[in-house]
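Quick caveat, the model's predicted, so the values are computed rather than measured. Each chain gets a letter, A, B and so on, in the order its sequence line appears, and its residues count up from 1.
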Amino acid sequence: MEPIYICGPTASGKSSLAISIAREIGGEIVNADAFQLYRGLEVVSAAPSADELAQVPHHLYGVLEPTESADAQLYVNLAKPVISEIQSRGKTPVVTGGSGLYLKFLTHGAAPLPTGDAALRAEMDARPLEDLVAELTALDPVEASRTALQNRRFVSRALEICLLSGKKASDLRDGWEKQTAEISSRLKGIVICRTRPDLHARIARRTRSMLDGGALAEVAALAEISNNCEKAIGFREVRSLLSGEIDRMTCEELINAATRQYAKRQETWFRREEWLVPKAVEDFSPV
RNA sequence: GGGUAGAUGCCCGAGUGGCUAAAGGGGGCAGACUGUAAAUCUGCUAGCGAAAGCUUACGUUGGUUCGAAUCCAUCUCUACCCA
């Protein structure tokens, strides 16, 4: 059974759709959400509820400690065996999530690049951007010319590849994209589409229930553990709420705005995945 | 009732005679993105227009001026202070 991919922006109703599909076809759900991989982040990351988890087998939820760092390749390493295992039992993996890059790695593979190095990154973070740009330009002018040089992340990753591999990032990254069309033609998946007003209303509702439903306690518990989860939408905002910097209403508004912006980026990403079949939400029963 | 400060684009906010369709930020919209991705970055954001440009805009109404968001008067509203 080839996997089915259920994508869509945050709060679009992926989880419940995935559950109903999985029940229908005897499938099992595989997480494709970068933050739902983490244990202890269930509320903030809007992971499936205990009730939902009980309805159909779920995989790769809460499998990482908050202190562990992850990346797209690590995700693939986790997901591949799980998917094969499900298939070996004659079931269909229903891969569900909104992390576009992670999904892309899973479906289309990765270029042969070195894994990021925390120490090197810390070192680069301390240097001015112009510095990094200059070094990248010196080591690999081709890569520099096709990198958004205002984007510190992109510049330091390109430089990191050069430094860790001793080769040119441009050479290593070349050749990867050539077979995507062929791969895409074999993939089966949908992207959930909702109107903006609808999606925004759902986001607002979810933020409220998140804050009412244990987000404060969750963040309070995590605050001392690690910085790795700081990037999760809601984490920083709730922490500010806990410390009294902002009030509940402001917190809610900040989370809503950040979530809306994230959802917009997801829509942009999935729009480019031509193999995903857009499905207007009316095609499915609501949550 | 008296006094003071203020009213700027979707929101906050700068601007005290022409260089102002109006800084900056937020929000919104669009985009980029193969190992930090719920991250990071880019562009646009009064209306019409391909553009030149035209029109409408800085609480109200009127005035001064070649020219006003900027000066004067009036009124309305808001905040604070004194009664």
Side-chain angles (χ1 to χ4, degrees), chain A residues 8-12 14 31-38 41-47 64 68-79 97-122 124-125 129 132-133 143 146-158 160-161 164-165 169-170 172-180 183 196-197 199-200 203 206-207 210 215 219 226-238 250 253-273:
Chain A
T10 187
S12 60
K14 294 185 292 296
N31 174 39
D33 181 291
F35 284 79
Q36 290 175 7
L37 290 172
Y38 286 105
L41 206 63
E42 288 79 10
V43 179
V44 166
S45 70
L64 295 178
E68 293 180 84
S69 55
D71 63 45
Q73 185 58 51
L74 175 79
Y75 168 70
V76 173
N77 295 157
L78 293 172
S99 296
L101 183 67
Y102 283 21
L103 280 158
K104 186 76 175 178
F105 268 59
L106 181 61
T107 55
H108 291 73
L113 304 177
T115 298
D117 180 80
L120 178 56
R121 285 178 179 183
M124 290 191 293
D125 283 348
L129 178 59
L132 304 177
V133 170
E143 190 63 14
R146 62 191 190 189
T147 299
L149 298 176
Q150 319 91 311
N151 191 332
R152 188 177 192 99
R153 276 285 161 80
F154 288 4
V155 170
S156 51
R157 162 97 275 236
E160 174 182 69
I161 292 168
L164 291 177
S165 68
S170 53
L172 295 176
R173 293 222 259 223
D174 269 348
W176 164 75
E177 204 159 0
K178 287 167 189 159
Q179 40 189 341
T180 55
I183 295 173
R196 282 289 161 83
L199 189 62
H200 288 186
I203 287 170
R206 197 185 64 186
T207 300
M210 197 180 277
V219 170
S226 148
N227 296 325
N228 284 322
C229 295
E230 276 185 350
K231 296 196 257 59
I233 291 172
F235 186 89
R236 232 171 252 175
E237 293 85 350
V238 169
T250 307
E253 278 166 11
L254 289 174
I255 293 174
N256 282 152
T259 308
R260 273 183 248 126
Q261 290 162 353
Y262 169 49
K264 198 253 129 216
R265 272 177 269 134
Q266 290 176 297
E267 289 185 339
T268 301
W269 182 289
F270 290 131
R271 218 172 274 158
R272 281 211 310 183
E273 297 296 316

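Per the geometry, CD belonging to A:Gln150 stands 11 Å off C1' belonging to B:U40, to the nearest Å. Rounded to a whole Å, the NZ atom of A:Lys264 is 14 Å from the P atom of B:U42. The interatomic distance linking A:Leu129 (CG) with B:U40 (C1') rounds to 12 Å, in whole Å. Rounded to a whole Å, the CG atom of A:Leu101 is 8 Å from the P atom of B:A38. At whole-Å resolution of the value, CD in A:Glu160 and P in B:A37 are 12 Å apart. Atom-to-atom, CZ of A:Phe154 to C1' of B:U40 comes out at 6 Å; the value is rounded to the nearest Å.
With a cut-off of 3.5 Å on both pairing distances, B:U36 has no Watson-Crick or G-U wobble partner at all. Base pairing annotation: B:G6 forms a Watson-Crick or G-U wobble pair with B:C77, both donor-acceptor distances under 3.5 Å. Base pairing analysis places B:C58 opposite nothing; no Watson-Crick or G-U wobble pair with both distances below 3.5 Å involves it. Look at B:G53: its Watson-Crick or wobble partner, with both distances under 3.5 angstrom, is B:C48.
Taking the charged nitrogens against the carboxylate oxygens, A:Lys264 and A:Glu267 have no contact shorter than 4.0 Å, which rules out a salt bridge.
Side chain of A:Glu230 to main chain of A:Phe235: no donor-acceptor pair is present (N/O by atom type, distance under 3.5 Å, no hydrogens or angles). Side-chain N or O atoms of A:Arg260 include none that pairs as donor or acceptor with a backbone N or O of A:Leu199 at under 3.5 Å.
At least one side-chain nitrogen or oxygen of A:Lys231 sits closer than 4.0 Å to the OP1 or OP2 atom of B:A37. OP1 or OP2 of B:A37 has at least one side-chain nitrogen or oxygen of A:Tyr102 nearer than 4.0 Å. Of the side-chain N and O atoms in A:Thr268, one or more sit less than 4.0 angstrom from OP1 or OP2 of B:G31. Phosphate contact (OP1/OP2 of B:G35, side-chain N/O of A:Arg157, threshold under 4.0 Å): present. Phosphate contact (OP1/OP2 of B:G27, side-chain N/O of A:Arg196, threshold under 4.0 Å): absent. Residue A:Ser99 places at least one side-chain N or O closer than 4.0 Å to OP1 or OP2 of B:A38.
The side chain of A:Ile233 approaches B:A38 more closely than any other nucleotide in the set B:U40, B:G35, B:A38. Closest contact between the side chain of A:Arg265 and the listed nucleotides B:U40, B:G35, B:U42 involves B:U40. Taking the side chain of A:Arg121 as heavy atoms from C-beta on, and the options B:U40, B:U36, B:C29, the nearest nucleotide is B:U36.
At the heavy-atom level, A:Gly234 lies nowhere under 4.0 Å from the strands shown. Nucleic acid contact for A:Ile161: sugar-phosphate only, since backbone atoms but no base atoms lie under 4.0 Å from a heavy atom of the residue. Base contact: A:Ser45 has a heavy atom under 4.0 Å from a base atom. Among the protein residues, A:Arg271 comes within range of the sugar-phosphate backbone only, with heavy atoms under 4.0 Å from sugar or phosphate atoms but none that close to a base. Contacts of A:Val76 with the nucleic acid, taken as non-hydrogen atoms under 4.0 Å apart, are absent. At the heavy-atom level, A:Ala34 lies under 4.0 Å from the strands shown only through sugar-phosphate atoms.
Atoms CG and CD, on A:Leu78 and A:Gln73 in that order, are 10.0 Å from each other to the nearest 0.5 Å.
RNA chain B lies under 4.0 Å from at least one heavy atom of each of the following residues of residues 255-263 of chain A: A:Arg260, A:Gln261, A:Tyr262.
In terms of polar N and O atoms assigned as donor or acceptor, the side chain of A:Lys104 never comes within less than 3.5 Å of the base of B:G35 in a complementary pairing. The base of B:A37 has none of its N or O atoms less than 3.5 Å from a complementary donor or acceptor on the side chain of A:Asp71.
No side-chain N or O of A:Thr259 forms a donor-acceptor pair with one of A:Arg206 less than 3.5 Å apart.
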